[in-house]
There are 2 protein chains.
Amino acid sequence: MESHQLRKTPERFSILEEIYTRNDHFDAEELFEDLKNKAQNISRATVYNTLELLHSCDLIKKHQFGKNLAQYEKSYGHKQHDHIICVDCKKVVEFCDPRIQQIQSMMGELLNFKITHHSLNLYGICGTCQMQREKNQVSSSKIQVKR
Amino acid sequence: MESHQLRKTPERFSILEEIYTRNDHFDAEELFEDLKNKAQNISRATVYNTLELLHSCDLIKKHQFGKNLAQYEKSYGHKQHDHIICVDCKKVVEFCDPRIQQIQSMMGELLNFKITHHSLNLYGICGTCQMQREKNQVSSSKIQVKR
DNA sequence: TTGTGTGCAAAAGCTTTGCATGTTG
DNA sequence: CAACATGCAAAGCTTTTGCACACAA
C-alpha cells in the first residue's frame with residue numbers, strides 16, 4: 001500500500017489512520033485539529049504535504065465543492081460516487097450513477113485523453129431548505145447572496 | 001437583462017462587456033488586469049463583487065478546476081457543456097453529453113433536491129502530454145507531483 | 001436625497017515555502 | 001550517512017472587509 005515510493009513515517013501513519021476512521025468529508029484544518037486533540041504533534045505543513053502525497057497515490061480523494069477550500073475523503077471502503085450539494089445549507093449527499101462511467105470512457109476515447117478520474121457535483125436546494133424558503137417568501141424578494 | 005434588482009453602473013457594464021467579448025475561461029485577476037490595460041479604472045473589489053453578482057444572476061458560470069482559484073465564463077452564446085482538464089498541462093476542453101441532464105433531473109427527483117446547476121469535470125492526460133510522458137519514461141520512475 | 005456601489009488599502013483565510021533539525025532506509 | 005520528512009513561522013495568493021466618497025434612481 002505505501003510502497004508507492006514513499007517513506008513510512010509515524011506522522012504519515014497517524015494521518016492515514018485518522019482519515020480512514022472518518023466517514024465524512026473534511027478539510028486540512030479539521031484534520032489538523034483532530035490530530036492535535038489526540039495529542040499528536042503534527043504540524044500543519046506536514047498535514048498539507050501528506051494530504052497532497054496521499055492524493056497523488058490515490059489513497060484519498062480531493063474535492064472543491066464551490067467553496068475556496070479543498071475537502072478530502074478516503075478512497076477505499078466506499079464505492080465510487082458523486083455529490084449533490086445544497087447551495088443553502090451546504091449539506092452534501094452522495095449518489096451513484098453508472099452512466100457517468102460511460103460518459104467518461106466515451107469522452108476519453110473521443111478526445112484522446114487518458115482519463116484518470118472525474119468530479120460530478122449537482123447543486124441545488126434540498127427539501128429542508130426549500131421549505132425554509134417558502135416560509136420566508138413573504139419578506140425580501142431580493143437576491144439572496146449569502147445566508 | 002439587468003433588471004434583476006441591481007443598479008446599472010458603468011463599471012458593471014464594462015465588466016459585463018469585457019466578459020462577453022472573451023471566449024475562454026478567466027479568473028478575477030485576469031479580468032482585473034485586462035480592464036486596467038484598457039484604462040478602465042475599476043478596483044479589484046468591484047471586480048470580485050460584480051463577478052459574484054453576475055454569478056448569482058446566472059449571467060456567468062463559476063468553476064473550480066482543481067486549483068484553488070475560481071474561474072469564470074459567460075453563460076450565453078455557448079451551449080451547455082462540461083469540461084475535460086489535462087492534469088499535466090492544465091488545458092481545458094469542452095464537451096457535451098445529454099445524459100448528464102438526465103442524471104441531473106433523475107437524481108433531483110430521487111433525493112428531493114431542486115437542482116439549479118451542475119459541474120462535471122473529467123481529469124486526465126491529453127494526447128500531447130501522453131507523448132511527453134513516454135519520452136521521459138527512461139528517467140525518473142518516481143511520482144510526479146508537480147511539473 | 002438616499003441607499004447603494006466604488007476604490008483603496010488593510011485584513012482574512014487557505015496553502016506553500018525556507019530553513020534548521022530529526023529520522024528513515 | 002545521505003536523502004528526505006518534519007516543525008515552525010513567515011510569506012504567498014486569492015478573496016473579503018471597512019470606510020469614506022461618489023453616484024444612480
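Residue numbers start from 1 in every chain, and the chains themselves are labelled A, B, ... in the order their sequence lines are given, proteins ahead of strands. This one's a predicted model, so the numbers in the text were calculated from it and none came from an experiment.
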Nearest-Å distance for atom pair [atom1]/[atom2], residues [X] and [N]:
X	N	atom1	atom2	result
B:E30	D:dC13	CD	P	15 Å
A:E52	D:dC4	CD	P	18 Å
A:L51	D:dA5	CG	C1'	15 Å
A:E33	C:dC14	CD	C1'	14 Å
B:I15	C:dG5	CD1	P	13 Å
A:K67	C:dT15	NZ	P	11 Å
B:L69	C:dT16	CG	P	13 Å
A:Q71	C:dT15	CD	P	10 Å

Shortest side-chain distance from [X], nucleotide among [options]:
X	options	answer
A:N49	D:dT6, C:dG7, C:dT15	D:dT6
A:R7	C:dT6, C:dG25, C:dG5	C:dG25
A:R12	C:dC8, D:dA25, D:dA5	D:dA5
A:T9	C:dT15, D:dA5, C:dG25	D:dA5
A:N41	D:dC8, C:dT6, D:dA24	D:dC8

Both A:P10 and B:A70 contact DNA chain D. Taking the nearest nucleotide for each, which residue is further toward the 5' end?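 By nearest-heavy-atom nucleotide position, the 5'-most residue is A:P10.
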
So how far is it from A:R99 CZ to B:I100 CD1, rounded to the nearest 0.5 Å?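 The CZ atom of A:R99 sits 10.5 Å away from the CD1 atom of B:I100.
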
Quick check on DNA chain C: between B:N68 and B:A45, whose nearest nucleotide comes earlier from the 5' end?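 Checking each residue's closest nucleotide, the 5'-ward one belongs to B:A45.
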
Check whether any side-chain nitrogen or oxygen of [X] sits under 4.0 Å from OP1 or OP2 of [N], and answer yes or no.
X	N	answer
B:T46	C:dG7	yes
A:Y48	C:dT16	no
B:R44	C:dC8	no

Using a cut-off of 4.0 Å on non-hydrogen atoms, how would the nucleic acid contact of B:D27 be classed: base, sugar-phosphate, or nothing?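 No contact.
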
Is there a side-chain contact between B:Y123 and B:I84 (heavy atoms, below 4.5 Å)?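 The answer is no, as the side chains (C-beta and beyond) never meet within the 4.5 Å cut-off.
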
Side chains of B:H83 and B:E73, heavy atoms from C-beta outward: is any pair under 4.5 Å?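 Yes, at least one pair of side-chain atoms sits under 4.5 Å.
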
By the definition salt bridge (Lys or Arg N to Asp or Glu O under 4.0 Å), identify the one residue from A:K36, A:R12, A:K38 that meets it with A:E18.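 Going through A:K36, A:R12, A:K38 one by one, the salt bridge (Lys or Arg N to Asp or Glu O under 4.0 Å) with A:E18 is satisfied by A:K38 alone.
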
Going by atom types alone, do A:H118 and A:Q104 pair a side-chain donor with an acceptor below 3.5 Å?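 Per modelled atom types, A:H118 and A:Q104 side chains form a pair under 3.5 Å.
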
